[in-house]
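Shown next, in structure tokens, is the structure this report addresses.
These numbers come from the heavy atoms of this one structure, side chains and all, not from hydrogens, waters or symmetry mates. Labels below follow one simple rule: chain letters A, B, ... track the order of the sequence lines, proteins then strands, and each chain is numbered from 1.
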Amino acid sequence: MENSDFAKIFWDLAEFLELKNENRFKVAAYRKAAQNIESLSENLGTIYKAGGLKALEEIPGIGQGIATKIEKTIKSGKLDVYEKLRKEFPRGFLELVETPGMGPKTAMLLYKKLKIDSRAKLEKAAKEGKLQGLPGMGAKKEENILKGVELKKKISGRFLLNAALDQAEAVAKELEKLKEVEKILICGSLRRRKETIGDADILVIAKRSKNIMQRFTSLPQAQRILVKGETKSSIVLKMGMQVDLRVVEDKSFGSAAHYFTGCKAHNIKLREMAIKKGLKLSEYGFFKKDKWVAGRTEKEVFKTVGLTYIPPELREMRGEIEAAQKGKLPKLIESKDIKGDLHMHTIETDGSNTIEQMAQAAKKLGYEYIAITDHTQSTRIAHGMDEKRTLKHLKEIDRVNKKIQGIRVLKGAEVDILPDGRMDLPDSILKQMDLVIAAVHSNFKMPEDQMTRRILKALENKYVNILAHPTGRLIGEREAYKVDIEKVIAIAKKTKTALELNSHPQRLDLNDVNCRLAKDQGVLISINTDSHTTDQLNLMKYGIFTARRGWLEKKNILNALTLDKLLKILFAKR
DNA sequence: GCCGTTTTCGGCCCGACTGTTTTCAGTCG
């Protein structure tokens with residue numbers, strides 16, 4: 001069982017108990033546990049096997065009750081209370097509650113009065129006007145629920161970070177033109193640079209909000225207004241993403257920015273810490289009794305509860321608060337630390353630019369070096385190189401390297417890892433390169449033990465320097481292949497092989513959690529763009545975002561090394 | 001159900017918007 005399967009059980013349990021009007025703190029406790037389980041880097045099953053019930057109870061938000069439920073689930077594969085509740089509510093009931101505008105109270109009301117137990121039935125009843133007239137239900141509420149049903153059909157889940165960021169920035173740019181706007185900041189999961197985004201949160205500092213709200217709700221890219229108030233409005237963009245806008249005064253900038261950036265659990269923790277200090281924290285600031293005392297900047301917010309400044313990417317309740325208390329937060333990697341890009345393609349295989357064009361573009365970015373790493377023969381779809389072409393290509397890189405000044409072009413290739421773990425080119429060819437990237441491009445559906453063996457064997461090859469996109473996932477398109485990532489990290493450490501953090505917004509592979517795992521084991525990460533055009537060299541920022549979410553520092557990054565240090569490490573394995 | 005340098009019992013984050021309520025419940029973030 002995956003952690004997400006366990007989490008699902010507790011998310012659902014919370015929902016069921018809420019429907020049954022259980023104690024709301026109990027409901028919240030289940031949700032907190034589900035949340036924490038989702039963000040664990042280690043599998044619950046593994047934790048239980050290693051340390052039993054005690055180890056489970058050490059996870060924040062998990063006590064005796066939930067630990068026992070996890071144990072039961074591991075032992076028997078199911079949880080009786082969960083199964084019982086599932087039978088009590090019809091299938092389709094949860095999607096009813098998840099319809100925007102509906103909540104547990106309304107869902108139960110409609111179920112009891114009208115036997116509505118699915119979203120389809122809800123839509124039908126609303127269209128027939130059967131909802132209005134029930135207690136607390138009028139024509140408007142019925143209309144809203146219908147809108148919610150439609151919205152759910154339209155909003156296609158989550159958006160890739162780059163797409164969401166582009167859209168949010170476009171909205172912010174429009175609002176910035178208004179003279180009332182003093183400051184504007186994109187907050188929420190966008191500011192935390194999560195790999196996928198549910199909705200965008202924009203914070204505006206202004207004294208008067210009326211014009212701003214008017215402009216916001218009438219933007220050309222707006223498709224629907226969800227709510228429109230004095231300090232808070234929400235719209236849905238034509239591309240399907242929801243955007244929330246909040247307007248506050250300047251003296252609340254810090255507390256509002258902090259609040260709208262989240263994550264939720266992190267916020268709650270800070271508010272609890274404020275209470276312990278006799279203060280109340282909201283988006284408007286810290287209050288002693290009813291008197292405002294602080295909140296002008298985020299730094300001030302953290303300082304007031306005794307913490308050093310926590311960068312947005314770390315605010316995920318993954319130990320950042322404890323680290324800030326001890327003054328032990330990492331000094332996160334930044335764009336300026338990156339000295340080169342070690343994974344890119346040219347027209348020799350499936351890229352669009354020449355070696356020289358890639359080198360010139362990289363030079364403009366201020367890089368000290370790049371590596372040209374075209375595909376090898378097995379990746380036929382990319383016109384991969386056989387031995388003969390590879391040798392010719394390496395010579396061509398030498399030629400370009402002599403020709404251009406101010407940047408070093410390293411000779412490399414992205415070599416396929418064959419299903420049996422052998423490399424797609426013989427060692428006699430690999431040894432003529434400065435850098436070898438190994439990658440899985442075929443047979444994704446192997447069983448976990450086979451895939452793990454396959455990759456470990458590649459890492460043991462003394463010419464392999466980097467494992468490209470280590471789990472092979474394409475966000476929203478293809479699941480990661482099954483591989484024991486902890487073993488991969490351990491062997492990467494042993495063999496002095498770096499792991500790639502592929503910067504493409506659809507890959508971001510390794511992900512944040514695994515990056516942190518690799519860091520803790522002392523494995524170097526190479527943040528690469530895997531560019532197929534000169535433009536794509538700019539994708540580096542997404543890799544850096546994810547690296548920061550993984551607590552990575554300059555010293556953890558292979559391509560933050562100067563050229564001579566890099567070369568030393570590349571050849572140290574041979 | 002979880003949790004504890006104020007606690008093993010009694011707390012548990014805080015506020016905006018909407019609709020239907022005539023003072024507030026429900027939903028959302």
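- Across dT27(B), dA16(B), dG29(B), the shortest atom-to-atom separation from the side chain of Lys105(A) is found for dT27(B).
- Between the C1' atoms of dG11(B) and dT6(B), the separation comes to 13 Å (whole Å).
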- Message: Go through it in stages, so that I can follow the logic: the residues are Arg318(A) and Val513(A), the test is side-chain contact (heavy atoms from CB on, under 4.5 Å), and I'd like the CA-CA distance, side-chain angles, deciding distance and then a yes or no.
- Response: CA-CA 10 Å; Arg318(A) 294 175 182 167; Val513(A) 172; 4.0 Å; yes
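- Comparing dC13(B) with dC2(B), their C1' atoms are spaced 16 Å from each other, to the whole Å.
- Among the protein residues, Thr106(A) comes within range of the sugar-phosphate backbone only, with heavy atoms under 4.0 Å from sugar or phosphate atoms but none that close to a base.
- Summarising the geometry of Val97(A) relative to Gly103(A), their closest heavy-atom pair is CG1-C, 4.0 Å, with the distance given to 0.1 Å.
- Here Lys269(A) lies out of heavy-atom contact (under 4.0 Å) with every strand.
- Minimum interatomic distance between Val293(A) and Leu279(A) (heavy atoms only, all atoms of both residues): CG2-CD2, 4.0 Å.
- Comparing the P positions of dG1(B) and dT18(B) gives an interatomic distance of 37 Å, to the nearest angstrom.
- At the phosphate of dG29(B), OP1 or OP2 sits under 4.0 Å from a side-chain N or O atom of Gln242(A).
- Within the nucleic acid shown, Leu270(A) has no heavy atom closer than 4.0 Å to any nucleic acid atom.
- If you take CG of Leu134(A) and C1' of dG19(B), they are 15 Å apart, rounded to a whole angstrom.
- Atom P of nucleotide dC14(B) and atom CH2 of Trp292(A) are separated by 18 Å, given to the nearest angstrom.
- The nearest whole Å value for the distance from the NE2 atom in His266(A) to the P atom in dG29(B) is 20 Å.
- Syn is the conformation of dT7(B), whose glycosidic angle sits no further than 90° from 0.
- A close approach under 4.0 Å does occur between a side-chain nitrogen or oxygen of Asn144(A) and OP1 or OP2 of dG19(B).
- Set against dG1(B), dC13(B), dT20(B), the side chain of Lys140(A) has dT20(B) as its closest nucleotide.
- Tyr284(A) comes within contact range of the sugar-phosphate backbone alone, with a heavy-atom separation under 4.0 Å but no base atom that close.
- Looking only at side-chain heavy atoms (C-beta outward), Met540(A) and Ser335(A) stay at 4.5 Å or farther from each other.
- Remark: P of dG11(B) and CE of Met273(A) are 22 Å apart, rounded to the nearest angstrom.
- Rounded to whole Å, the distance from NZ on Lys277(A) to C1' on dT6(B) is 13 Å.
- For Arg191(A) and Thr261(A), the side-chain atoms include at least one donor-acceptor pair closer than 3.5 Å.
- Out of dT27(B), dG29(B), dC13(B), the shortest distance to the side chain of Glu272(A) is found at dC13(B).
- A heavy atom closer than 4.0 Å to some atom of DNA chain B occurs in Ile66(A), Lys69(A), these being the qualifying members of residues 66-78 of chain A.
- Nearest to the side-chain atoms of Lys141(A) among the listed nucleotides dT20(B), dC2(B), dG29(B) stands dT20(B).
- Per the geometry, NZ belonging to Lys280(A) stands 10 Å off C1' belonging to dC13(B), to the nearest Å.
- Each of Pro104(A) and Thr231(A) has a nearest nucleotide on DNA chain B; the 5'-most of these lies closest to Thr231(A).
- dC12(B) is paired with dG1(B) under the Watson-Crick or G-U wobble criterion, all donor-acceptor distances under 3.5 Å.
- Nucleic acid contact for Ala139(A): sugar-phosphate only, since backbone atoms but no base atoms lie under 4.0 Å from a heavy atom of the residue.
- Using modelled atom types and a 3.5 Å distance limit, the side chains of Asn36(A) and Glu38(A) yield no donor-acceptor pair.
- Mapping Gly229(A) and Pro100(A) onto DNA chain B via the closest heavy atom, the residue that lands nearer the 5' end is Gly229(A).
- Between dT21(B) and dA25(B), the distance separating the two C1' atoms is 8 Å to the nearest Å.
- For the residue pair Gln132(A) / Lys140(A), no side-chain donor-acceptor distance below 3.5 Å is found, with atom types taken as modelled.
- Nucleotides dG15(B) and dC9(B) place their C1' atoms 29 Å apart, quoted to the nearest Å.
- Residue Lys264(A) is classed as a base contact, given a heavy-atom separation below 4.0 Å to a base.
- For the C1' atoms, the distance from dT7(B) to dC12(B) is 13 Å, rounded to whole Å.
- In this structure, Lys280(A) fails the cation-pi test against Phe286(A), since its NZ or CZ atom is not both closer than 6.0 Å to the six-membered ring centre and inside 45 degrees of the ring normal.
- Between Ser234(A) and dG29(B) there is no side-chain polar atom (N or O) within less than 4.0 angstrom of OP1 or OP2.
- A donor atom on one side chain and an acceptor atom on the other are found under 3.5 Å apart for His266(A) and Glu320(A).
- Straight-line distance between the C1' atoms of dC3(B) and dT8(B): roughly 9 Å, to the nearest whole Å.
- Comparing atom distances between the Tyr259(A) side chain and each of dC13(B), dG29(B), dT20(B) picks out dG29(B) as nearest.
- Separating the CG atom of Leu226(A) from the P atom of dG26(B) is a distance of 22 Å, rounded to the nearest angstrom.
- Nucleotide dG1(B) holds its P atom 11 Å from the CD atom of Gln64(A), rounded to whole Å.
- The phosphate of dC28(B) (OP1 or OP2) has no side-chain N or O of Lys232(A) nearer than 4.0 angstrom.
- Remark: the separation of the C1' atoms in dG29(B) and dT23(B) is 24 Å, to the nearest Å.
- Residue-level contact check: Gly101(A) touches the backbone only, with heavy atoms under 4.0 Å from sugar-phosphate atoms and none from bases.
- Note on Arg24(A): nothing from the nucleic acid sits closer than 4.0 angstrom, heavy atoms only.
- Across Ala67(A) and Glu57(A), no two heavy atoms sit closer than the pair CB-CG, 3.7 Å.
- Phe25(A) comes within 4.0 angstrom of a nucleotide base, judged by non-hydrogen atoms across all strands.
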- Between Leu40(A) and Ile47(A), does a side-chain contact (heavy atoms from CB on, under 4.5 Å) hold up when you go through it step by step? CA-CA 10 Å; Leu40(A) 286 175; Ile47(A) 295 174; 4.2 Å; yes
